Each structure stands twice: as C-alpha cells, then as structure tokens.
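This report refers to the structure that appears directly beneath it.
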Amino acid sequence: MTRTHTKIAIVLLITLILFQGCKTNSNGGEMSITSKPFGQTADGKQVDIFTLTNNNGLVAEIINYGGIVTSLSVPDKNGNFADIVLGFDNIKDYENDPPYFGAIAGRYANRIAKGKFTLAGKEYTLAINNVPNHLHGGLKGFDKVVWTSQAIETAEDPALRLMYTSPDGEEGYPGTLTCGVTYTLTNDNTLKIEYDAVTDKATPINLTHHSYFNLAGHDAGDILSHEVMINADNFTPTDKDLIPIGQIWAVEGTPMDFRTPTEIGARINSSYEQIKFGGGYDHNWVLNNKDGQFALAATFYEKTSGRFMEVLTTEPGMQFYTGNFLDGSNVGKGGAVYKHRNAFCAETQHFPDSPNKPEFPSCILRPGQTYKQVTAYRFSAK
Ligand code: GLA
C-alpha cells in the first residue's frame with residue numbers, strides 16, 4: 001500500500017467511526033439512535049436514555065426504566081419544534097412520581113375491580129393501589145421496572161427494543177410473562193409501538209402507552225381547546241370508582257360523542273353523571289375498529305401550533321383521559337408545573353376490568369399463544 005492509500009484508508013475509517021449510528025437517507029436528513037446514561041434507580045440499577053431521530057428531525061427520547069418516553073419533539077405548522085409530552089428531568093422524579101408519565105402500563109393497564117379475578121377456578125389477589133381497585137399493574141408495574149434494551153437501526157427507521165420477563169406471581173399475576181416492546185420513530189413522523197408477549201400459564205394481559213400529550217408543548221397550559229375526534233359509536237360506562245358496569249352505551253346524544261371533531265373543553269364540565277364520575281373524561285371508548293385490524297382510533301388537533309396527531313391501533317378500546325388528577329404538584333422538565341388538565345392521554349387497550357367481564361373482548365393470554373398489539377401516534381401540522 002502506498003502512503004496515499006494508507007491516508008485514504010485512515011480517513012475512511014475515521015468517517016465510518018464518526019457516522020456509526022447515523023445514516024443519511026434519500027431526503028438528505030440524518031436519522032440515528034444514540035444512548036447515554038440517564039441515572040441509577042434507588043436500588044442501584046443503571047438506566048440509559050436513547051435518542052431516536054428521524055430524517056425530518058423529529059426526536060423521541062426513551063429510557064429503559066418503565067419504557068418511558070421522556071420527550072417527543074415534533075414541528076408545528078411553521079416548522080418550529082416543541083416537546084409535546086410531559087415528563088421529568090431525572091430518574092428520581094420518575095421513581096417517586098405517581099402519574100405514569102410516558103410509561104408502558106402493565107401487566108394490566110387500567111383497573112381491575114377490587115384487585116381480584118378468577119381464572120380456571122382459582123381466585124387471584126392483586127394490590128389495591130387505587131382504592132378500592134387495582135390500577136396499571138400494581139405497586140411495581142411495568143412502568144417501574146428496568147427493561148433490557150437493544151438499539152435497532154434498520155435501513156429506514158431508528159428503533160428501540162425493550163424486553164422484560166415478569167416472573168410467575170409478580171404483583172399477584174399468574175405465569176412467567178416474557179414481554180417485548182419496540183418503539184420505532186418512522187420517517188413518516190410516527191412513533192410506532194409494537195408489543196408482544198408469551199406466557200407459560202394462562203394470564204390476563206393489557207399493555208398500553210401512557211404519554212401525557214399537550215400538542216402546544218408540554219409546558220403550554222391546559223388542553224381544553226384541543227379538538228378531538230374519537231372513532232367510536234360506543235363507550236363503556238363506569239361506576240363512581242371508574243370500573244365499567246359491564247354495559248356498552250351509545251355516545252350519541254351525550255358529551256361522550258366525539259365522532260366529529262369537538263373541543264375537549266366544550267362539554268368537560270357537563271353535569272352528565274359519567275363525566276362527574278371521571279372528574280372530566282377518563283373513560284374507555286369502544287373503537288369502531290373491527291377484529292384487531294390496525295385502524296384509526298382518534299385524532300387530536302391544536303389550532304395555534306397547527307399540530308395534528310392521529311392515533312392508530314389494533315386494540316378494541318381507548319382510554320381518553322384529560323389529566324383530571326394533575327394538580328400542580330408535579331414539577332417536570334425545566335421546572336414546568338403540570339396543572340389540572342394540562343395534558344391528555346390516549347391509551348389504546350382492552351377494556352378496563354375485562355378479567356371480570358366475560359362479555360368484553362378477552363384479555364387472557366394462554367401458553368402457545370403470542371400477544372401482539374400495535375399502536376401508532378402519527379404527527380403532522382396544518
Ligand atoms: C389512567 C386512568 C386514570 C388515572 C391515570 C393515571 O388514565 O384511567 O384514572 O389513574 O391513568 O393517573
């Protein structure tokens with residue numbers, strides 16, 4: 001090799017090292033996934049933060065504690081980016097905090113009445129962590145465990161695969177449940193979440209994503225002027241503790257009707273009993289999607305920024321929650337104070353309390369079966 005050849009080889013090697021984890025695509029944008037330490041849990045486990053960037057400059061930051069999306073930066077109609085999910089700056093606040101900001105909820109997202117269910121003749125008892133019911137998997141649900149992680153960079157989109165094996169009996173649930181969640185930030189500006197799981201004993205499962213969105217920005221105040229469309233003719237009415245009563249009611253003629261885009265604030269203080277029970281919206285809509293087809297569940301539009309979010313899912317239900325329990329006691333990223341109704345959640349799911357409601361779509365996973373669910377949050381501006 002001549003000296004020139006050696007120089008070229010060195011330059012090529014350095015270029016390769018510099019651009020590892022970064023790819024330029026046909027649009028000229030750069031997409032990547034990088035990681036760095038985020039902190040340590042109280043019991044000394046290392047937590048990393050992964051930064052996924054797509055070729056349009058959208059950025060999702062995700063930690064392997066709880067699979068939490070800590071930030072999601074998307075452009076408005078003028079191309080200005082803002083972080084549109086609530087969150088904290090450090091692991092300690094995520095560990096101490098109750099609102100499930102950005103997390104994966106499981107094994108069973110939402111409520112199981114009185115923390116009890118019976119499966120194959122055996123009664124199971126779960127923690128009552130939302131008196132008098134069980135909520136989001138219990139005292140240490142999937143939002144509070146450290147997942148193993150693997151950065152995946154396909155030819156097109158940066159992705160992060162998280163894995164967690166929940167031991168038999170964890171939080172009172174039967175069976176060893178081996179779960180995977182893959183977050184992909186696609187180049188059509190979608191945060192896609194694919195869930196899978198297998199078990200060695202029959203067990204209920206219901207995984208969801210619990211980001212608190214504010215399309216004007218995480219620190220932009222209330223979400224009452226966001227316009228919402230929910231692709232659902234029906235919802236599951238609840239008792240005063242938010243447990244479905246087992247019936248399916250039509251949304252028609254009620255403040256639950258979002259079949260045409262309507263501002264969140266238009267009817268949120270209505271005297272309709274269901275709204276009173278929820279302290280606002282905190283209900284499961286029965287999506288018009290049929291038979292696990294991946295279809296549009298809802299859209300959200302914020303007029304001043306022009307940001308528009310579509311939610312697509314394979315799930316039969318969606319919990320639309322308007323941050324009714326936020327009360328200003330959470331101080332989040334950059335000192336932002338998150339107050340009443342400063343964000344909303346769109347939690348795609350099986351219906352709450354399904355383990356006790358044989359009339360609802362089954363949430364039971366059996367040995368030999370694979371649980372799969374796909375949900376996508378797609379962003380644009382107009
Ligand atoms: C879900 C529930 C709400 C609330 C939040 C977390 O959306 O339906 O009632 O518990 O989670 O604060």
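Just follow the structure's listing: the first ligand is 1, and inside any ligand the first atom is 1. Heavy-atom basis, side chains included; hydrogens, waters and symmetry copies ignored. Bear in mind the structure is a predicted one, so any value in this text is a computation, not a measurement.
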Does Asp233 come within less than 4.0 Å of Arg259, counting only side-chain N to carboxylate O? yes

Determine, for Lys339 against Asp327, whether the closest basic-nitrogen to carboxylate-oxygen distance falls under 4.0 angstrom. no

Among all protein heavy atoms, pick out the one at the shortest distance from atom 9 (O) of ligand 1; state its residue, atom name and that distance to 0.1 Å. Asp282 OD2, 2.4 Å

Consider ring-ring contact (aromatic ring centres under 6.0 Å, His included). Of Phe88, Tyr65, Phe325, which one does Phe101 pass it with? Phe88

Looking at Asp241 and Lys114, is any side-chain nitrogen of the basic one under 4.0 Å from a carboxylate oxygen of the acidic one? no

Out of curiosity, is Tyr281 lining ligand 1, as in a heavy atom under 4.0 Å away? no

With heavy atoms of Tyr100 as the reference, note each atom of ligand 1 found under 4.0 Å away. 6 (C)

Check ligand 1 against Leu135 and write out every atom of the ligand that is under 4.0 Å from a heavy-atom position of the residue. 10 (O)

With heavy-atom distances below 4.5 Å as the criterion, would you say the side chains of Leu191 and Val69 are in contact? yes

Between Glu347, Gln319, His283, flag the one that comes closest to atom 7 (O) of ligand 1 by a heavy atom. Glu347

Shortest non-hydrogen separation from Ile33 to Ile152 and the atoms involved: CG2-O, 4.3 Å

If you count the atoms of ligand 1 from 1 in the order shown, which ones are under 4.0 Å from a heavy atom of Tyr212? 6 (C), 12 (O)

Can you check which of His210, Arg111, His136 brings a heavy atom nearest to atom 10 (O) of ligand 1? Arg111

Give the atoms of ligand 1, by number and element, whose distance to some non-hydrogen atom of Phe325 is under 4.0 Å. 4 (C), 9 (O)

Which of the ligand 1 atoms, numbered from 1, are nearer than 4.0 Å to a heavy atom of Asn110: 2 (C), 8 (O)

Are Glu95 and Lys144 close enough for a salt bridge, meaning some N to O gap below 4.0 Å? no

